[in-house]
Asks: 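Handing you this structure, nothing more for now.
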Amino acid sequence: MKHRKTVIVGNWKMNTDVQSGINLAKQILDLSNNITNVEKIICPPFVSLTSIAKVLKGSSIQLGAQNVNPNENGAFTGEVSTAMLHGLVSHVVIGHSERRMFNDESSDQVAAKAVSLSKAGMNPILCVGEDLSIRKSGKAVNFIAKQLEASLKGFSNWNSLIIAYEPIWAIGTGEAATSAQAQEMAAVCRNIICNLTPDLGNSVRVLYGGSVNSKNVAKLLEQPDIDGALVGGASLNAQEFSNLIKLASSK
Ligand code: PGA
């Protein structure tokens, strides 16, 4: 029996406009608001956050953003700061492989985001993941350990942290990692955290992400070090996402 509460996060990525986002949030709320033994977080695009915050107000579903700029304010065209998100969202996804890849984000920058979120009282959902060539070369364990450590430089607010192990080769491919592969890497992440904070390491939640759906979620959550899922594609369908939450609630 795990002592950590299961958490299911929906990462909508660059999908939905304001109106379809509101509709999707309402449907998810209808179908899953009464499931309270799972922590549920949805992360819509920035432009929808204010409207969806109104939909979720007083509900059991929390709101997250998909990125943040660690600077307080200033000449950063197109960026959004922690101060702007404060009071609007409880969680922020940082270090997603798509941002590391398409926006050249370094682990140093991810660490700065983690620190600025923790100063502002928000919870980082910190993603790490290796690509296929690293996995094939047998260096995944080493790579993830290094990436996670570098992405946590200067961070110490362990109670607020959620980690998501998301192998790049499994994201959006329909080919999730096997539960054994996911467990192995979740344990690597947990070991790193336990080394950094021996007292609190075992209470930090580690999620798996990469083609999670209602068919594979149960098996993944059976693993001792996997405390939930970061869900992309399957979070855009209210019925599928709620089924997944329901399955997680019975774990
Ligand atoms: P996927 O995305 O579920 O569509 O594979 C997961 C993610 O990138 O967070």
Side-chain angles (χ1 to χ4, degrees), residues 6-16 20-21 24-25 28 32 38-46 48-49 61-68 89 91-105 107 110 113-114 123-132 134-135 140 143-144 147-148 151 161-179 181-183 185-186 189 205-221 223 226-248:
T6 302
V7 50
I8 301 290
V9 184
N11 173 14
W12 293 6
K13 307 192 181 185
M14 200 173 72
N15 296 295
T16 68
S20 61
L24 178 58
I28 293 171
S32 69
V38 172
E39 204 174 321
K40 297 154 293 179
I41 304 162
I42 55 175
C43 304
F46 279 132
S48 298
L49 290 176
I61 302 181
Q62 302 172 83
L63 191 59
Q66 298 175 18
N67 182 35
V68 70
V89 305
H91 294 75
V92 180
V93 175
I94 56 173
H96 192 283
S97 58
E98 285 152 15
R99 293 204 60 87
R100 290 181 190 263
M101 250 186 305
F102 304 135
N103 301 76
D104 274 338
E105 280 188 11
S107 291
V110 176
K113 292 176 190 214
N123 307 299
I125 302 172
L126 167 56
C127 306
V128 292
E130 82 285 359
D131 67 19
L132 193 57
I134 294 172
R135 166 127 315 237
F143 177 87
I144 291 299
Q147 192 181 52
L148 183 57
S151 303
L161 180 66
I162 297 176
I163 294 169
Y165 166 64
E166 296 206 306
I168 295 169
W169 45 271
I171 294 178
T173 59
E175 288 289 328
T178 65
S179 40
Q181 287 170 324
Q183 163 56 28
M185 300 307 279
C189 294
R205 267 107 34 108
V206 181
L207 318 184
Y208 166 78
S211 297
V212 177
N213 56 40
S214 62
K215 292 192 185 71
N216 58 23
V217 70
K219 196 122 196 284
L220 288 160
L221 293 183
Q223 306 304 310
I226 301 178
D227 305 314
L230 178 51
V231 186
S235 74
L236 293 169
N237 178 314
Q239 189 65 59
E240 169 69 2
F241 189 57
S242 306
N243 286 346
L244 201 153
I245 292 168
K246 218 165 280 165
L247 287 158

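Numbering starts at 1 and runs along the sequence shown. Atoms within each ligand, like the ligands themselves, are counted from 1 in listed order.
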Asks: Compare every heavy atom of I41 with every heavy atom of G64, then report the nearest pair and how far apart it is.
Replies: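 Smallest interatomic distance, heavy atoms only, reads N-CG2, 4.0 Å.
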Asks: Can you tell me if NZ on K219 sees more than 12 non-hydrogen neighbours from other groups inside 6.0 Å?
Replies: no
Asks: Report all protein residues having a heavy-atom distance below 4.0 Å to some atom of ligand 1; order the list by chain, then number.
Replies: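 Lining ligand 1 at under 4.0 Å, by heavy atoms, one finds N11, K13, H96, E166, A170, I171, G172, G210, S211, L230, V231, G232, G233.
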Asks: Measure the shortest side-chain to side-chain distance between K40 and I28 over non-hydrogen atoms and say whether it is less than 4.5 angstrom.
Replies: no
Asks: Judged by modelled atom types alone, do Q66 and H96 share a side-chain donor-acceptor pair under 3.5 Å?
Replies: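 On atom types as modelled, these side chains do not qualify, holding no pair under 3.5 Å.
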Asks: Would you check if the side chain of N15 reaches a backbone N or O of G232 as a donor-acceptor pair within less than 3.5 Å?
Replies: no
Asks: Looking at side-chain heavy atoms only, is the closest gap between E98 and I171 below 4.5 Å?
Replies: yes
